[in-house]
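A, B, ... follow the sequence lines: proteins, then strands. Residue 1 opens every chain. Just so it is clear, the model here is predicted, and its values are computed rather than measured.
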Number of protein chains: 2
Amino acid sequence: MATMKRKATINDVARVAGVSKGLVSFALNDRPGVSAETRDRILAVARELDYRPSVSARSLSTRTSYAFGLVIARDPEILGADPFFPSFIAGVERVLTTEGRALVLSVVSDEQHEATVYRTLAADARVDGVFLTDLRHDDPRLALLQELGMPAVTLGRPATSRAQESADPSLTGPSPFPAVVLDDTEGVAALAQHLLDLGHRRIAHVTGPRRMQHATRRGEAFARTLDAAGVASDLVLETDFTAAAGASATDRLLALADAPTAIVYGNDPMAIAGIGIAHERGLRVPDDLSVAGFDDSELARYVYPSLTSVRTDPLSWGESAARMLLRLLAEGHADDIELEPAHVVVRASTGPVRTRATA
Amino acid sequence: MATMKRKATINDVARVAGVSKGLVSFALNDRPGVSAETRDRILAVARELDYRPSVSARSLSTRTSYAFGLVIARDPEILGADPFFPSFIAGVERVLTTEGRALVLSVVSDEQHEATVYRTLAADARVDGVFLTDLRHDDPRLALLQELGMPAVTLGRPATSRAQESADPSLTGPSPFPAVVLDDTEGVAALAQHLLDLGHRRIAHVTGPRRMQHATRRGEAFARTLDAAGVASDLVLETDFTAAAGASATDRLLALADAPTAIVYGNDPMAIAGIGIAHERGLRVPDDLSVAGFDDSELARYVYPSLTSVRTDPLSWGESAARMLLRLLAEGHADDIELEPAHVVVRASTGPVRTRATA
DNA sequence: GAGACGAACTGAACCGGTTTAGAACGAAAC
DNA sequence: GTTTCGTTCTAAACCGGTTCAGTTCGTCTC
């Protein structure tokens, strides 16, 4: 078209509708004090002019950015191997786009830098709230976000730590933020039981970083199940979630005098790397070694042998978290949500224990 | 502290420094018309008050959002398996955080929805520019972004298509946007040559979607190398980049009467799935079948057998793209950048061809 | 010494919304 | 018929920056 039409502003709508711009604002925001007739006229004009309120103008006067933030503190390498975040983000996005909000993403490699990012996000009022993932023990972000007055939703309910219990009573008690909870202990326990049922009595656990709550929570669920069966639960190796670490942990485990007959990993990439190491050492999976992962990434189904894993649903986790954050901002509070718990997906990488020929 | 100190505004700075707020603005933005002495005083006061300009206020008056956008149109499943984006984003972030800009991310599952997202981003002035990844043939986004007047940087130089050449001359010619180019044809050609050198004469190519420029570009480089050696280059299967598609393509290839002795895949997850299928069919890699991937994800080194792949550098791709977009906005134009080309990383999944025992 | 000029600075408009104080007006109350 | 009240609406302030027209003042020119 020849005439470059500028974006219509609230003034244009007011002029055409023959009212003051204040009234247009009222009408558009569904606030009382506007007659039904006038409201309809204003809405009609707005539609006619294809009016869309300016986000920046609105942000300035309401001190609201209409955006949510997600700060991920992980090494890009690990991030790339882990299918969780892309799916989680897709779920978040699915909700936000329909609500006219945007997602501001920050990837920082070290946790030191993390606080700066949150502070900047808050100081610049870039976001109205954030998603807190990868909860850590005594997570400094909880206090930081409270200090900044930044609304947040946590993925999983932060465990009250020893440190918090003994410290300032005002800090004790439930989390200051609502949580979207996806119980993964059930799935982990079921996985442990599955291995026990297969006859395994020497089972190792290659976990993620101990400072992450989900790592220890799963570790405990795992150990509990083994203990209940009278099986030792001491074979635990901590890693940083990289395939490299998974491989190295596997190497160490298989070099032991009483090497495990089954290894459970904190994520799928490590498990896949573990299978690789087993093969390299001439072991067959699952005949000589059972292997299981966590997250049930797409690849799990297609590696050889196909990988037993624990399935979570990051997509609906993202959806729920986004909806919860919206509710928190709209109503000032939100109740915790429990999602469908994780469950085991048994595939070919786990099988009955066999006494080694060489044993 | 007891006194809740509100954020300092430009008015506070002006008042304390004893000047008008206009002058403060000039001083802070390094514009002429401020004496050195006054400038120093203003800057000192600003630092003293811990003044940070309000992004929303600035956005409103400058019509600039100080944010860049990345719209990814991929199924979350594929996204999760593909290590490219997390690394790319980390690279982008590395540059943006030091520049006080944010990254607005959008994940859409279908390409239909894509245009809406770009239009919304533009209409709401959420971002000042965008990164264009996964360039397609006759990519509708190029025209769309031009129409929207949205600055952009492309990953890879868009190939001038047949359609464009024959159409409106104004559309022909070089891309309207600067590009960060990472030549992957060289690496693909080297990979093909590597397989030829190993004696393979029946080599298949499992590519990504044909509508993606990088898929066809690599396909051509691959075919050219085979053709030059007098080897047939007709074994090409198109997939959607999922491990599932990689597995199914492998199944079909290995069922052929004259099955390939080597298969090259468009990404690592497909290649890993391919190895799985080969194993399932009782073939050994690389003895019976050589396999190679693309992207050289972390996992490639740790699967069994370790995967020959082509290494790109998404992290520095992200850094360069971010810097280029900044320059484009600051100076109105930016020259294309050529990054270090991709190169083959030979591992254990490719080996000399062996005539099959059953052949 | 008058005029021109440039540097330093001020005041106000402006970006496009929201919000509040208060005006106008009709209806109900007494 | 006046007072009171509630509804509908307007005008203007406000959010916190940028920008532009114009004022002030010192210096240079002839």
**Prompt:** Can you check whether B:Ser35 has a side-chain N or O nearer than 4.0 Å to OP1 or OP2 of C:dA7?
**Reply:** no

A:Ser35 and A:Thr38: side chain donor to acceptor below 3.5 Å
yes

- Query: Is any side-chain N of the basic residue among B:Arg119 and B:Glu147 closer than 4.0 Å to the acidic one's carboxylate O?
  - Reply: yes

Do B:Arg136 and B:Glu114 meet the salt-bridge criterion of a basic N to acidic O distance under 4.0 Å? yes

Heavy-atom contacts, protein to nucleotides 15-27 of chain D, under 4.0 Å, summarised as B (base), S (sugar-phosphate only) or - (none) per nt, yield BBBBB--------

**Expected output: side-chain B:Arg94 to main-chain B:Glu319 donor-acceptor under 3.5 Å** = no

| request: Kindly indicate whether a cation-pi arrangement holds for A:Arg141 with A:Tyr118, taking the cut-offs as under 6.0 Å to the six-membered ring centre and within 45° of the axis. | output: no

